[in-house]
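Comments concern the structure below.
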Amino acid sequence: MCGIIGYSGDQDSIPIIIEGLRTLEYRGYDSAGISVCTEEGIKTVKTQGRLTVLEDKLKENPELGGGCAIGHTRWATHGEPSDTNSHPHSAKNLTLVHNGIIENYAEIAEMLKGAGYTFESETDTERGAKLIDLLYEKYQDPIVAISKATKIIRGSYALGVIFNDIPDTIFAIRKDSPLIVAKGEDGCFIASDIPAILKHTKQYYRLAEGIIAKVSKSEVEFFDMEKNLTEQQLETVDWDVEQAQKGGFPHFMIKEIHEEPEALRKTLEPRIRDGLPYFDIPRLDGDFLSKFGSIHIVACGTAMHAGLIGKAIIERIARIPVNVEIASEFRYRNPILKKNDLVLLISQSGETADTLAALRLAKAQGVYTLAIVNVIGSSVAREAEDVMYTRAGPEIAVASTKAYSVQCSLLYLLAVKLAVLNKTMSEDEARDFCARMLTDIPKTVTSALEMSTKICEAASRLVAAEHLFYIGRDMDCQLCTEASLKLKEISYIHSEAYAAGELKHGTISLVTDGTPVIALTTVGKVCEKTISGIREVKSRGAYVVSICSEELAAKYDIPCDEQIIIPHIDEILSVFPAICILQLLAYHVSAQKGLDVDKPRNLAKSVTVE
Ligand code: AGP
């Protein structure tokens with residue numbers, strides 16, 4: 001996602017725009033830009049890098065000023081971060097900023113080329129700008145041009161548009177991406193989100209889809225797609241700026257956990273075409289992957305834990321051996337790699353030093369490298385031979401949550417692709433599996449989010465713990481590793497993830513009266529065995545929290561002190577609502593301890609050093 005702001009009024013627009021963009025940097029920060037309506041026409045200053053880089057560039061243009069401007073801070077989705085790919089983007093008659101993804105940008109580009117248009121950037125946004133321009137040339141009406149353009153565009157968008165020959169006026173429209181419109185004492189605004197205008201007014205309109213806003217210095221008007229004047233509901237916000245950046249949530253982490261359903265939809269939807277996995281990477285969409293004998297997943301921390309889930313699902317449905325490695329170990333142990341191995345790097349930031357080193361080592365040995373990365377244009381993304389981008393949007397909290405979930409979703413899609421190639425799954429079975437992923441994963445994660453109150457109560461009984469175990473078998477055991485890390489890194493409670501069947505080989509000596517044990521049971525074939533493990537710890541005084549699927553809770557009487565039932569989903573997909581519950585549990589423990597949930601001690605969001 002990106003941050004948009006527009007202002008028209010009697011004040012100098014530049015400081016207002018810059019200040020507004022600063023409050024929106026949580027939405028994206030790899031590049032920024034501003035376009036100002038001046039006597040000599042629209043002037044644009046834009047650059048790769050944080051907002052401070054744009055501010056430095058503006059200092060080189062001290063004469064630039066005007067009462068109407070649009071600004072943008074970017075989270076790259078089409079085209080790597082660069083000066084050219086930064087917004088705003090211009091055409092002959094107009095300049096605009098965009099938040100969203102134009103899915104049919106290629107087909108729009110072909111149409112525009114036929115009309116003589118050329119392009120400077122790689123972005124879908126520039127193609128959108130020139131489409132509106134083409135229609136403005138034809139109809140000579142901004143509202144008609146925008147209305148007709150949005151009937152051609154497929155995808156998500158929030159657009160702020162200024163026209164050369166309509167000074168001091170901003171036109172805005174949105175679909176899927178949020179956009180608000182506001183009238184303050186010193187002018188009128190558009191913005192992606194409330195923080196950007198909060199200093200000027202607490203009243204705003206949440207622009208409805210299919211409505212075009214016309215924002216001038218002193219008034220805001222709304223038109224439907226047939227250019228009829230219409231009304232919008234005025235709302236009032238009672239947040240301060242910091243709360244507003246978190247969407248009203250107390251911390252970024254809880255906000256980002258709540259973004260999981262949308263992040264999963266945005267990651268999965270474009271990657272399922274004709275019902276089958278589609279990576280928009282020619283090699284991957286053919287039978288290229290069928291030549292690999294084994295897969296090495298290499299990553300750190302949470303990303304490595306997603307790799308453990310990847311191993312479990314790929315081996316289960318594609319029957320291809322997968323080896324998961326900690327990058328800092330992999331890079332120094334002179335790994336044995338064969339020419340037909342696939343090395344898969346997973347990284348949210350794409351800048352983790354150990355993961356990057358592992359990538360370079362694999363490439364040096366002539367092994368094919370594929371990356372799953374969240375940050376477009378990051379080092380891992382650029383250096384891997386192919387990259388699949390998750391679409392989680394910026395993850396601000398140090399503790400990774402939505403990134404883990406979308407990494408797992410891509411690994412599931414990869415597993416289905418491999419299974420079809422390996423003929424362990426028919427195309428019909430694959431279509432059914434993908435369809436269930438698309439409908440059931442976001443839905444059940446949403447249901448898990450609605451359990452937050454119950455989970456918060458369970459968390460209150462763990463706040464005083466000094467030591468805690470997570471136990472499970474099979475996929476549950478892999479989930480425990482991530483659940484344990486989440487709790488450790490934000491609540492500072494020592495916890496261990498342990499294979500339920502392994503406890504009796506020594507570690508159970510640590511279990512005493514009241515030791516909390518979180519027992520995961522979603523995998524039917526090993527449930528009875530896990531219950532044996534639960535009985536072992538209960539007989540030694542453990543306080544057991546059972547996190548269990550609906551079916552297994554109905555089928556077995558799981559000995560526990562309390563139980564949290566996972567929203568109903570196919571067992572093989574239960575990872576997704578289950579991890580949401582476990583993330584919420586860790587979050588509430590930390591929040592109830594009054595800790596700095598978003599910035600835990602000793603930790604950085606991206607470990608770019610060894
Ligand atoms: C996750 O909560 C941690 N912040 C950390 O383990 C993180 O997952 C790890 O440093 C890897 O980061 P990356 O995904 O950006 O490579």
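Values below: every heavy atom of this structure, side chains too, minus hydrogens, waters and symmetry copies. In each ligand, atom 1 is the first atom listed, and ligand 1 is the first ligand listed.
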Nitrogen or oxygen atoms of [X] and ligand 1 under 3.5 Å apart:
{"X": "Glu489", "value": "yes"}
{"X": "Val398", "value": "yes"}
{"X": "Thr355", "value": "no"}
{"X": "Lys605", "value": "no"}

Does some non-hydrogen atom of Met304 fall short of 4.0 Å from ligand 1?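 Contact check Met304 vs ligand 1: negative.
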Does Ser606 come within less than 4.0 Å of ligand 1, judged by its heavy atoms?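 The answer is no: ligand 1 sits nowhere under 4.0 Å from a heavy atom of Ser606.
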[atom] [closest protein heavy-atom partner, distance rounded to 0.1 Å]:
{"atom": "atom 14 (O) of ligand 1", "value": "Gln348 N, 2.7 Å"}
{"atom": "atom 10 (O) of ligand 1", "value": "Val607 CG2, 3.9 Å"}
{"atom": "atom 16 (O) of ligand 1", "value": "Thr352 OG1, 2.5 Å"}
{"atom": "atom 9 (C) of ligand 1", "value": "Cys300 O, 3.9 Å"}
{"atom": "atom 7 (C) of ligand 1", "value": "Thr302 N, 4.1 Å"}

Angle class for the [X]/[Y] ring planes (parallel below 30°, perpendicular above 60°, tilted otherwise)?
{"X": "Phe292", "Y": "Tyr368", "value": "parallel"}
{"X": "His87", "Y": "His98", "value": "parallel"}
{"X": "Tyr412", "Y": "Phe433", "value": "parallel"}

Enclosure of Lys488 NZ (heavy-atom neighbours >12, cutoff 6.0 Å):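 More than 12 within 6.0 Å, yes.
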Does atom CZ of Arg461 have more than 12 heavy-atom neighbours, drawn from other residues, nucleotides or ligands, at distances under 6.0 Å?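 Correct, the count exceeds 12.
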State, without any angle test, whether Asn374 and Thr390 hold a side-chain donor-acceptor pair at a distance under 3.5 Å.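 Present: a donor and an acceptor within the cut-off.
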Salt bridge between Lys311 and Glu315, side-chain N to carboxylate O under 4.0 Å?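 Looking at Glu315 together with Lys311, the answer is yes, because their closest N to O distance falls below 4.0 Å.
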